[in-house]
Every structure is written in C-alpha cells, then in structure tokens.
Amino acid sequence: MKSQDVRKQFLDFFQSKGHLIVPSAPIVLKDDPTLMFNNSGMAQFKEYFLGNATPKSNRIVDTQKCLRVSGKHNDLEDVGFDTYHHTMFEMLGNWSFGDYFKKEALPFAWEFLTEVLKLDKDRLYVSVFEGNEAENVPFDQEAFDIWKQFVPEDRIILGNKKDNFWEMGDQGPCGPCSEIHIDLRTDAERAAVSGRSLVNEDHPQVVEIWNNVFMEFNRKADGSLEKLPAQHVDTGMGFERLCMAVQNVTSNYDTDVFAPLINKVEEITGLKYTTNNIVLSGAEGEEQNKINIAIRVIVDHVRAVAFAIADGQLPSNTGAGYVIRRILRRAIRYGFTFLDTKEPFIYKLVAVLADQMGEFFPEIKSQQNLVTNVIREEEASFLRTLDQGLQLLENVISETSGKEVAGAKAFELYDTFGFPKDLTALILRERGLALDEAGFDVAMQEQKARSRAASEVSTEDWSVLIPGNVEKFVGYDQTEADVKISRIRKVDSKKDGILYQIVVDNSPFYPEGGGQVGDKGTLVSANETIQIIDTKKENNLILLLAKQLPENVNTSFVAKVNTDLRAASAKNHSATHLMHLALRTVLGTHVEQKGSLVTPNNLRFDFSHFAKVTDEELKQVEDFVNARIQEQLPLIERRDIPFAQAISEGAMALFGEKYGDSVRAIKFGDSMELCGGIHVNNTAEIWSFKIVSEGAVAAGIRRIEAITSDAVKKHFSNQEELLSEIKLSLKNPQDTLKAVVALQDDNAKLKKQLEGLLKDKAKNMKGDLAKEIQEINGVQFLAKQVDLNPEGAKDLAYELGTLGTNMFLVLATAEEGKPMLSCYISKELVADKNLNAGLVVRELGKFIQGGGGGQPFFATAGGKKVEGIAEALAKAKDFLD
C-alpha cells in the first residue's frame with residue numbers, strides 16, 4: 001500500500017466514525033509565543049484542551065506537519081544515525097474534545113490497524129500507565145480491561161511516567177497514554193527474543209506506531225495536577241513509522257515516503273544507498289555507513305526546510321529562521337564531507353518533494369520556485385563559509401603546539417562561522433592531530449547556559465477571577481471599554497524582568513498578530529492608572545502586559561487604547577494592503593506576501609520577486625498607492641463570513657497563515673485581503689505614502705520599507721533641510737544640481753591626476769627600496785612602511801615584483817590613521833615554498849587589530865591600530881625561517 005493510500009485510509013476511516021477532516025496547520029507558528037514550530041499534532045488545538053475556545057466539531061481527524069528540533073522535543077542529533085527519528089514528520093491524529101474517551105478510542109485504533117491496514121495482530125504490543133502514587137494518578141485499569149478484549153495479557157505492558165504519561169511541556173494539558181508498538185523483526189529473531197522485552201528500548205524494528213493520550217489534567221506551575229474541565233482524546237501516530245509497518249520494511253527510509261528522494265540523491269552523487277538489511281563489515285562497511293547516514297540526513301532535512309520555507313519561514317540568524325538555517329547547514333555539511341558534494345545540489349530535491357506531496361500539501365507545489373531558489377542560495381552561501389572555515393582552521397593548526405587542538409578554538413570556529421565540529425575533527429585526524437573534545441563540549445555547554453539564561457521564563461498559574469469563557473475582543477468598534485479583569489498571572493523572564501499578564505472580559509486592545517504590533521494604553525479605575533505596555537495573544541486569550549498589578553483587581557476599570565499609536569499603526573496597515581495590490585499590479589501576480597511588520601512608525605513588507613525592483617517600478621508603486629489614497633476609498637469590512645465565500649469573492653489568503661471557517665475580509669477598492677488587523681475607515685486618512693528603502697532578504701525575496709502620514713511630512717521636511725545645507729555649503733548657487741555635477745567632475749579630474757602622481761612616486765621609490773631588499777634563505781625579502789595610499793602600495797609591490805622571481809614583500813601604509821598591510825609573493829615562490837599571501841596578512845593583521853585576505857600571490861589586511869605596524873613588519877620575516 002502506498003503512503004498516499006495510508007494517509008487517505010486513515011482520514012476516511014475516522015470520517016466514517018463521525019470525525020471532521022481538517023487541514024494541517026502551518027509548520028511554523030506565528031501567533032503562539034510559547035512555540036516556534038508545531039512540534040506535535042495537538043499544538044493547534046491547545047486552546048480547546050484548556051477550555052478557552054470551542055472547536056467546530058467535537059470529533060476531528062487530521063495529519064499535522066510537525067518539526068522537532070528545539071526545546072524539550074528535539075530529535076535533530078538522532079536524525080540519520082538511526083532509521084526512525086526525523087526533524088519533520090507527519091502526525092496522524094484523531095481528536096475528541098469532551099466527546100468519546102477510552103472505551104471508544106482504543107477499539108478505533110485496533111480496528112484501523114488490524115482490519116483496515118491488516119497488520120499482523122501477533123506482532124502488536126500495547127502499553128498502559130502503571131500509575132504514579134506521588135502524582136496521585138492511579139493505574140489505568142480501564143485501558144487495561146479494554147485491551148484484554150483484543151490482546152493477550154502477556155502483550156499488555158505497564159509503562160511508567162516517562163513512557164506512558166504524555167506532557168507537552170513543563171506546564172499545560174497532559175494525561176496518561178496507551179501506546180501500540182509493532183515488532184517488525186524476522187520470525188527467527190522474534191522466536192529468539194520476545195518483542196515485549198524490546199518495547200521502548202529504542203530498537204529500530206520494535207517501534208511505537210500509535211499513542212492514545214487521555215487528556216485529563218493540567219500541569220500547574222508548581223508541578224501539581226488539576227483536572228481539566230473535560231476529558232479529551234489526543235491521538236498521535238507517526239505516519240512514516242506506520243508506512244514502514246504497512247509496507248513491510250524495516251526502516252522508515254525504505255518506504256516510498258523517502259525512496260524517491262534517496263533515488264534522486266543517488267542520481268546526483270553517483271553513490272548508492274544501502275538499506276539497514278544489508279550489513280557490510282570492515283573498511284568498506286564503515287565507508288558505506290557514512291554514506292547512508294549522510295543520505296538519510298539530507299532527505300530528512302530537505303523536507304523540514306522546504307515545508308518551513310513554504311509556510312513563510314526564511315532562513316536567518318535569529319529565532320525560527322536560525323533553526324531552519326541550522327537544519328539545512330547540517331544537511332549541506334554531511335553532503336560536503338561524506339558525499340563529496342562541493343556544489344549546491346539539495347535544491348534539486350524540491351521538485352521531487354513537490355511531485356510527491358503536492359496533492360495533499362498544495363503549499364509545497366505552489367511555493368516550489370521560491371523554496372528551490374532560497375535553498376540553492378543558502379547552499380552556495382554555506383559552501384563559501386566552509387571554504388573560509390577551512391582557511392581559518394589552517395590558522396588554528398599553525399598556532400597549535402603539540403598534537404591536540406584546543407576545544408575552545410574549535411568551538412569558536414563552530415559558533416562564529418558555523419564550521420562543524422566533526423568536520424574539524426576529521427581534518428585534524430588527517431593531519432595527525434586530535435581535537436580536545438572535552439574542551440569543545442565545555443565551551444558548548446557554557447554557550448547554551450548563557451542562551452538559556454537570556455531566554456529563561458518562569459510563568460505562574462492563572463488566577464481566575466471570573467470563571468468561564470467571558471473574554472471577547474471589542475477593539476474593531478471601540479478604543480475604550482468598561483472592563484472587569486477575568487484572570488491574571490505573573491511572568492518572570494531574564495529579558496523583560498517581572499511582568500503581569502492581565503486578561504479582561506471586553507478587550508479593546510488589539511493583540512500582536514498578522515504583522516501588526518500590539519496596542520498600548522491604560523487600565524483606569526477610580527483610584528489608579530495601570531500602564532499597558534504591550535498586548536499579545538496566547539491560547540485564544542488576549543494578554544495585556546503591565547509592570548504592575550492594580551491594587552484591587554476585582555474593581556471595575558476603563559480600558560483605554562493609546563489612540564495616537566493605534567491610528568498610526570492603522571494607517572501603515574492599510575497602506576500595506578494597498579502596496580501589496582500595487583506590487584502585484586506593477587510587477588506581476590507572482591508577487592506574494594512573505595512577511596510584514598506594521599508599527600506606528602513605519603511598515604515593512606517582504607514579498608516574492610525574482611529581481612531588484614527598479615527605481616521606475618518603485619515610483620509606479622508609490623504613485624499607485626497615493627492614487628488610491630486620493631480616491632478616498634472607504635473601508636468595506638466583512639466580519640465572520642465563510643472562508644470559502646471570501647476566497648470566491650476575490651479575497652487574498654496568505655500562505656503560512658492559519659484561517660478558521662469564518663474570517664474577516666478587508667476591502668479598499670480592488671484590494672481585498674483576509675486580515676484581522678486594525679485599519680483606517682477611509683484611505684484619505686493615510687494622507688501620503690513614501691517608500692524609503694528596497695532590498696533583498698533572501699533568494700527570490702525582496703523587502704520594502706515605507707512610511708505614511710506624519711512620518712512622510714517629517715521625511716520631506718528633513719529632505720528640505722538637507723537640500724538647504726547642501727546649497728549653503730556650495731555658496732548658494734543658482735542651479736544646485738549643476739553645481740554638484742561640476743564638483744563631481746572636478747573631483748574626478750583631481751583623483752585621476754593624484755593617481756598618476758602616486759604611480760610616479762611609486763616608480764621613483766622603486767630604486768631606493770630595491771637597495772633595501774635582503775636575501776633570507778634564498779628569498780628576496782622586504783618589509784617596510786611607505787608613505788603611500790593602499791593603491792600606491794599595491795602598485796609599488798608589483799613594480800618591485802618585476803625585479804625577480806623570488807620576491808617576498810610586505811608593505812605597510814597608514815593613510816589618515818588607517819593601517820593597511822599589503823603582501824606580494826612571487827608566483828614561483830607560492831608554488832615552490834607553499835607560501836600564501838592571504839595567510840600571511842591574516843596572521844600579521846592581528847598586530848594592527850584587523851584582518852583580511854586575497855590571493856596566494858597578493859593580499860591585503862586593514863586594521864585599527866597604527867602602532868602595531870612596526871611589530872607586524874618585524875614578524876613578517878618569521879614566515880621565511
């Protein structure tokens with residue numbers, strides 16, 4: 001049975017049991033501050049488990065894209081070394097929100113596995129929670145009794161808290177679980193060793209394929225458990241492992257989930273992948289195993305990276321973007337080291353992935369070009385970094401005395417330049433050196449401790465003042481509201497210190513979301529005023545952030561939004577919509593939003609486009625938006641309309657966003673988008689729109705920053721002042737532009753004359769310096785500071801280089817207090833004595849507090865410390881010893 005059929009049969013089976021099929025949420029979470037990525041099937045349903053929202057059906061079935069590479073659930077370092085851990089995986093799930101429980105869930109699971117998929121019942125083992133006296137949670141007698149109807153007691157295993165009590169994190173919904181495991185070993189292996197003894201022992205062929213979590217509790221901040229308002233069922237079933245069982249193979253990577261990707265890697269590299277059924281010994285086996293691991297890493301990681309990019313997360317140096325970049329770089333490095341791939345190639349797998357999964361996950365098909373371009377550019381960039389790292393590692397090796405390289409030095413290469421530890425160790429072994437692994441690990445742990453300390457957050461439990469779901473958002477219609485506080489909690493973080501999260505029953509405050517920043521304002525009672533410094537949303541609750549709590553939290557308040565900031569944000573948000581339409585009109589309908597930031601000060605908009613936006617095109621976009629402003633287009637707002645209806649009426653939905661069945665549509669003329677943000681009532685309120693910058697963010701992604709309203713007035717006022725200062729410095733010419741052009745022409749002529757004079761000076765100096773050249777070990781050597789600019793020093797070096805084929809020259813300059821070293825080495829010396837000008841200037845550059853590089857025969861290094869020139873020149877001679 002093909003993997004697509006397994007997925008379909010699961011969804012169809014539970015649909016026949018009254019479940020509503022819902023699509024996967026994006027793999028990247030934009031509006032959940034507690035998670036970077038969807039790391040489990042239940043993440044998108046947290047608000048239902050907590051009782052903060054009502055699901056559209058009490059029975060739901062789905063397959064959820066998940067990513068486990070950070071936090072508590074982190075499988076990254078296991079991927080590739082075994083055959084069943086993954087970064088991205090699909091989690092098949094059937095869900096009951098206060099509807100059915102154990103007596104329905106367990107028979108559903110058994111029926112699907114044994115009657116629909118026809119798995120061998122004799123290979124299945126089940127587990128139930130043995131209970132935990134300290135937690136006051138009893139043995140799961142009900143699950144045990146249900147399972148006895150289907151399996152012999154000797155195949156029912158009692159599991160401890162680690163294996164059979166599921167928790168998403170340190171706080172939140174949790175409960176006992178009952179797992180189903182399958183033994184895929186041969187009959188002979190099963191006869192020799194019981195599968196029961198291998199359950200939960202990380203055996204690659206005795207694996208968990210189904211987990212029924214019975215959500216009954218909420219883990220509080222103090223570690224205690226409290227009963228949830230209702231009992232829920234959360235099923236998690238690893239799609240890839242299930243396919244392995246159904247397709248009767250012994251590795252996830254042998255299924256048709258991964259086989260097409262593996263075949264493509266084999267085609268590109270000319271290397272062969274062997275399954276874990278084929279065991280090779282000796283050096284040949286060791287080499288093949290490295291190839292197998294590398295291929296598994298690559299085909300796993302490309303899925304995670306491709307889907308993350310398709311859902312709107314570009315690789316970057318911070319947050320979720322950094323995680324995605326790290327996953328991709330791990331794949332590139334494995335290819336570089338073990339498959340001998342020195343050119344980008346992983347991007348070629350995206351087409352295979354799109355063909356394979358595009359039918360069920362259309363985003364990978366529609367975003368294929370973008371994903372391909374971004375991955376290709378990231379590959380090329382990191383391969384350049386690897387080359388740079390190899391040169392830096394050479395410096396480390398040359399500075400090392402003895403046979404062991406300091407772990408701290410290797411960690412610096414890893415942390416600063418992304419140069420992998422195991423590649424460092426491999427190169428050192430080839431050079432007869434060892435890596436101080438313990439020192440590396442110490443440096444790594446210190447860095448992790450610093451990182452954890454910087455982001456550490458302690459969250460107390462909610463203190464509920466008004467029970468029930470009383471909270472609602474009234475901010476589309478009101479900027480002031482009479483409110484009561486419904487719940488509060490304290491949050492302590494290293495970054496922000498102690499803050500209080502306040503939830504009110506009728507919030508006019510807009511929570512950060514959809515690119516727009518959260519509102520600020522005040523909570524005012526008869527006796528005091530509390531400043532609200534930000535507004536966020538979590539688990540369907542609007543959180544007002546304050547540095548202090550009211551003295552009386554039970555009194556009545558007036559919630560007041562800062563209307564000046566709100567109005568400025570609204571102008572920028574509405575302008576963003578108009579600009580989106582303008583870009584699609586001017587550049588083409590391939591333009592899609594890939595990210596945005598709307599603040600009271602400005603707006604930032606990332607979008608897909610294959611080339612730099614020209615000045616003329618930017619002018620057209622500006623004119624288009626300003627024309628819509630002049631037309632005084634009224635806001636047409638449609639609230640709570642069906643998603644399908646909004647799309648059919650022409651509303652734009654953004655990839656990577658999670659939409660419900662009912663949506664809000666915002667329309668200004670021909671611009672119509674699904675949006676939950678705050679907008680102006682008429683485009684005339686925006687007053688004016690001005691683009692201030694345009695540039696690249698990633699391959700195929702551009703970024704525009706723009707301003708509106710008062711910020712535009714200030715911009716033009718600043719430009720006018722600048723023009724006045726320029727005219728004043730030019731002695732108030734009648735034609736300012738003509739005067740500037742004349743000044744540029746004069747400057748160009750003088751610069752050309754100066755270059756000629758410096759060349760003549762260099763030629764004149766050649767004769768004098770030739771007399772100072774000394775011979776060291778058969779090499780003509782000179783190290784001297786000269787009174788020239790860096791270009792003149794280069795000319796002089798090449799002039800002196802004509803005097804022989806064994807020249808080693810280091811010339812220093814200090815024009816305007818900026819030290820510069822130039823190294824020239826005859827090409828014959830580069831070849832015969834393995835000298836390298838780039839390595840020379842990098843080493844000598846340390847004395848002037850700088851660095852640089854270049855070609856083996858000529859390189860330069862700039863710095864900050866002029867006083868270090870003398871020592872640098874003195875040390876140059878050491879390269880000839």
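In this structure, L92 and L242 have side chains that are in contact, with non-hydrogen atoms separated by less than 4.5 Å. In this structure the side chain of Y322 never reaches within 4.5 angstrom of the side chain of P315, judged on heavy atoms. Taking the side chain as every heavy atom from C-beta outward, Q4 and K8 never approach each other to under 4.5 Å. You'll find the side chain of T274 reaches within 4.5 Å of the side chain of N292, heavy atoms only. With contacts defined as side-chain heavy-atom distances shorter than 4.5 Å, the pair D311/E363 qualifies. Within the 4.5 Å cutoff, the side chain of F37 has heavy atoms near those of the V28 side chain. Contact check for F108 versus N212: no side-chain heavy atoms found under the 4.5 Å cut-off. In this structure, I262 and E266 have side chains that are in contact, with non-hydrogen atoms separated by less than 4.5 Å.
Scanning all heavy atoms of the two residues, the minimum distance from G195 to D183 falls at CA-OD2, 3.5 Å. Between T83 and T250, the shortest heavy-atom contact is OG1-O, 4.1 Å. The two residues D122 and D120 have their closest heavy-atom pair at N-OD1, 2.9 Å. Nearest approach of R155 to K121, heavy atoms of both residues: NH2-O, 2.9 Å. A pairwise comparison of heavy atoms in F10 and N94 identifies CZ-N, 4.0 Å as the closest pair. For the pair E153 and K148, the tightest heavy-atom approach, listed with the atom from each and the gap, is OE2-CD, 3.3 Å.
By the 6.0 Å and 45° rule, R333 does not stack over the aromatic ring of F382.
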Original post:
What do the steps show when you test V206 against L184 for side chain to side chain contact (heavy atoms under 4.5 Å, CB included), and what is the final call?
Top reply: CA-CA 6 Å; V206 183; L184 297 172; over 6 Å; no

**OP:** List the steps, then state whether salt bridge (charged side-chain N to carboxylate O under 4.0 Å, His left out) holds for K103 with E142.
**Re:** CA-CA 8 Å; K103 66 184 178 65; E142 183 183 0; over 6 Å; no

**OP:** In sequence, state the C-alpha distance, the side-chain angles, and the governing distance for Q64 and S24, and then conclude on side chain to side chain donor-acceptor pair (under 3.5 Å).
**Re:** CA-CA 5 Å; Q64 173 64 49; S24 170; 3.3 Å; yes

Original post:
What do the steps show when you test I309 against I375 for side chain to side chain contact (heavy atoms under 4.5 Å, CB included), and what is the final call?
Top reply: CA-CA 9 Å; I309 295 171; I375 291 178; 3.9 Å; yes

Subject >> Residue pair S127, W147: steps toward the side chain to side chain contact (heavy atoms under 4.5 Å, CB included) verdict >> reply: CA-CA 9 Å; S127 64; W147 279 129; over 6 Å; no

**OP:** Go through the steps to decide whether E240 and R303 satisfy the test salt bridge (charged side-chain N to carboxylate O under 4.0 Å, His left out), and finish with yes or no.
**Re:** CA-CA 13 Å; E240 295 79 9; R303 287 166 27 107; 2.9 Å; yes

**OP:** Could you please spell out the steps behind the side chain to side chain contact (heavy atoms under 4.5 Å, CB included) verdict for I298 and D300?
**Re:** CA-CA 5 Å; I298 289 162; D300 171 274; over 6 Å; no

Subject >> Stepwise salt bridge (charged side-chain N to carboxylate O under 4.0 Å, His left out) test for E378 and R325 >> reply: CA-CA 8 Å; E378 283 287 314; R325 175 166 281 167; 2.7 Å; yes

Original post:
Between K264 and E267, does a salt bridge (charged side-chain N to carboxylate O under 4.0 Å, His left out) hold up when you go through it step by step?
Top reply: CA-CA 5 Å; K264 186 65 176 178; E267 176 191 319; 3.3 Å; yes

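In terms of modelled atom types and a separation under 3.5 Å, the side chain of Y659 and the main chain of L654 share a donor-acceptor contact. At least one donor-acceptor pair closer than 3.5 Å links the side chain of Q288 to the backbone N or O of K272.
Other residues, nucleotides and ligands contribute more than 12 heavy atoms inside 6.0 Å of the CD atom of Q645. In N248, the CG atom is not crowded: 12 or fewer heavy atoms of neighbouring residues, nucleotides or ligands sit closer than 6.0 Å.
Q593 and D606 form no side-chain donor-acceptor contact under 3.5 Å, judged by distance and modelled atom types alone. Counted by atom type alone, H181 and E179 present one or more donor-acceptor pairs between their side chains at under 3.5 Å.
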Per-pair distances, 0.1 Å, donor-acceptor, side chain in residues 342-355, under 3.5 Å, sequence neighbours excluded:
residue : atom : partner : partner atom : Å
K342    : NZ   : F336    : O            : 3.1
K342    : NZ   : D340    : OD1          : 2.6
D355    : OD1  : K365    : NZ           : 2.8

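Residue pairs meeting the salt bridge (charged side-chain N to carboxylate O under 4.0 Å, His left out) criterion with at least one member in residues 104-116, sequence neighbours excluded, are K17-E111. Sorted by first and then second residue, the pairs that involve residues 283-309 and meet ring-ring contact (aromatic ring centres under 6.0 Å, His included), not counting sequence neighbours, are F307-F361.
A salt bridge does not link D82 with R296: every distance from a Lys NZ or Arg NE/NH1/NH2 to an Asp or Glu carboxylate oxygen is 4.0 Å or more. We find that D234 and K46 are not joined by a salt bridge, their nearest charged nitrogen and carboxylate oxygen being 4.0 Å or further apart. Using a cutoff of 4.0 Å between basic side-chain nitrogens and carboxylate oxygens, D99 and R59 are scored as salt-bridged.
With sequence neighbours left out, the side-chain contact (heavy atoms from CB on, under 4.5 Å) criterion links T269 to V265, L271, L339, T341. Applying the side-chain contact (heavy atoms from CB on, under 4.5 Å) test to T54 and every residue at least two apart in sequence or in another chain returns nothing. Qualifying side-chain contact (heavy atoms from CB on, under 4.5 Å) partners for L158, counting only residues two or more places apart in sequence or in other chains: V128, E130, F139, F144.
The only option from F14, W95, F112 that meets the ring pair (Phe, Tyr, Trp, His ring centres under 6.0 Å) definition with H19 turns out to be F14.
Taking the centre of each ring, F45 and F97 come in below the 6.0 Å mark. Two rings, from F239 and H86, have their centers 6.0 Å or more apart. Ring centroids of H232 and F214 are separated by 6.0 Å or more, keeping the two rings apart.
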